[in-house]
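Note that the numbering runs from 1 along the sequence shown for the chain.
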Amino acid sequence: MPDIMDLYFSGHTEDFRRMVWDEATAYERTMPLPALAGSLEFLQLLKEKGVQLGLVASSDNYKIERAFEMYDLKDTFDTVVTADRITQGKPHPMCYLLAAKDLETDPAGYLVFEDSFAGIQAGNNAGMRVIGLTTTNPAEALKELVYECIPDFRGVTFEKYCSW
């Protein structure tokens, strides 16, 4: 949000900027947070198989906590990195490198699922393998930047995960 404010609202008054910030924050506290098809089942499968899971999100912690409550995910992730924990946002790899540090393992051993160009670049810059989610951008735009593209997690097996 600070980057958006600087990019699009730097020429406006502080009162106007505060109004935009407050309205955006209020909307984020109530906006729908639909789960990507198959994602909850996929997370459960990985957890059952003993895979360490990290959540890296550009969102603030309050939005992640809301999603955790909605989908009963409080004990799912071994680490959570939100905008509240970093000083450099995507495409900088800081968020992914912090998650790897939290999990005490080499970043090269991680698989990143990303839908944005900045997130894909951050994962690649961290030395991680990136699977592109075609929820925001089409596969044609992502395929040269990622290891593989998927539309969602329906039907993704543990064997498929291991092959990535």
Side-chain angles (χ1 to χ4, degrees), residues 1-4 7 28 31-164:
M1 190 66 177
D3 292 339
I4 291 171
L7 183 63
E28 281 193 339
M31 66 187 270
L33 298 172
L36 187 58
S39 62
L40 299 175
E41 297 83 1
F42 183 63
L43 288 171
Q44 182 63 35
L45 171 67
L46 295 181
K47 199 69 178 166
E48 288 172 3
K49 297 290 188 177
V51 175
Q52 282 189 308
L53 298 175
L55 176 69
V56 174
S58 296
S59 300
D60 294 326
N61 198 45
Y62 70 84
K63 188 174 179 182
I64 300 305
E65 287 175 0
R66 184 168 163 251
F68 281 11
E69 288 177 23
M70 288 175 65
Y71 295 107
D72 192 28
L73 295 172
K74 289 184 185 192
D75 297 320
T76 301
F77 297 96
D78 300 293
T79 188
V80 176
V81 176
T82 63
D84 299 310
R85 291 189 61 200
I86 60 170
T87 57
Q88 295 177 289
K90 298 172 185 174
H92 193 280
M94 180 184 198
C95 54
Y96 285 117
L97 295 174
L98 181 56
K101 182 179 178 186
D102 287 350
L103 298 173
E104 300 178 346
T105 53
D106 180 11
Y110 284 98
L111 196 57
V112 170
F113 295 92
E114 265 291 353
D115 67 338
S116 73
F117 291 115
I120 289 168
Q121 186 177 348
N124 285 330
N125 289 345
M128 300 175 176
R129 182 169 283 178
V130 181
I131 303 299
L133 295 166
T134 59
T135 55
T136 306
N137 298 290
E140 296 76 33
L142 302 180
K143 66 183 179 183
E144 299 298 322
L145 307 172
V146 298
Y147 183 75
E148 188 171 323
C149 290
I150 59 173
D152 55 44
F153 293 95
R154 287 180 288 195
V156 177
T157 63
F158 188 67
E159 292 72 26
K160 180 65 173 174
Y161 164 80
C162 291
S163 76
W164 287 330

The test is salt bridge (Lys or Arg N to Asp or Glu O under 4.0 Å); show your working for Lys47 and Asp78 and say whether it passes. CA-CA 10 Å; Lys47 199 69 178 166; Asp78 300 293; 3.3 Å; yes
So for atom CD, which belongs to Glu104, do other residues, nucleotides or ligands contribute more than 12 heavy atoms lying within a distance under 6.0 Å?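 Not more than 12 within 6.0 Å, no.
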Identify the heavy atoms of [X] and [Y] that sit nearest to each other, and give their distance.
| X | Y | value |
| --- | --- | --- |
| Lys63 | Ser59 | CD-OG, 3.6 Å |
| Ala126 | Tyr96 | CB-CB, 3.8 Å |
| Ala37 | Asp152 | O-CB, 3.4 Å |
| Asp60 | Ala83 | OD1-CB, 3.6 Å |
| Lys90 | Ala122 | CG-CB, 3.9 Å |
| Ser116 | Gly119 | OG-N, 2.9 Å |

Using modelled atom types only, decide if a donor and an acceptor are shared between the side chain of [X] and the backbone of [Y] within a distance under 3.5 Å.
| X | Y | value |
| --- | --- | --- |
| Asp84 | Asn61 | yes |
| Tyr71 | Leu33 | yes |
| Arg85 | Cys95 | no |
| Asn124 | Leu145 | yes |
| Asp115 | Asn137 | no |

Parallel, tilted or perpendicular, judged at 30° and 60°: which one describes the rings of Phe42 and Phe153?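 Judged by the thresholds at 30° and 60°, the geometry between Phe42 and Phe153 is parallel.
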Calculate, to the nearest 0.5 Å, the distance between atoms [atom1] and [atom2] belonging to [X] and [Y] respectively.
| X | Y | atom1 | atom2 | answer |
| --- | --- | --- | --- | --- |
| Met128 | Asp106 | CE | CG | 8.5 Å |
| Thr135 | Glu114 | OG1 | CD | 9.0 Å |
| Ile86 | Leu97 | CD1 | CG | 11.0 Å |
| Tyr147 | Arg129 | OH | CZ | 4.5 Å |
| Arg154 | Ser39 | CZ | OG | 10.5 Å |
| Asp75 | Leu53 | CG | CG | 12.0 Å |

What do the steps show when you test Val56 against Tyr110 for side-chain contact (heavy atoms from CB on, under 4.5 Å), and what is the final call? CA-CA 12 Å; Val56 174; Tyr110 284 98; over 6 Å; no
Could you check if a side-chain atom of [X] sits within less than 4.5 angstrom of a side-chain atom of [Y], using non-hydrogen atoms only?
| X | Y | answer |
| --- | --- | --- |
| Lys160 | Glu148 | yes |
| Leu40 | Leu73 | yes |
| Lys74 | Glu65 | no |
| Leu45 | Tyr161 | no |

Before you tell me yes or no, could you show the steps for Phe113 and Leu36 under side-chain contact (heavy atoms from CB on, under 4.5 Å), namely the whole-Å CA-CA distance, both residues' side-chain angles and the distance that decides it to 0.1 Å? CA-CA 12 Å; Phe113 295 92; Leu36 187 58; over 6 Å; no
Please assess Val81 against Leu55 for the test side-chain contact (heavy atoms from CB on, under 4.5 Å), listing each intermediate value before the final yes or no. CA-CA 6 Å; Val81 176; Leu55 176 69; over 6 Å; no
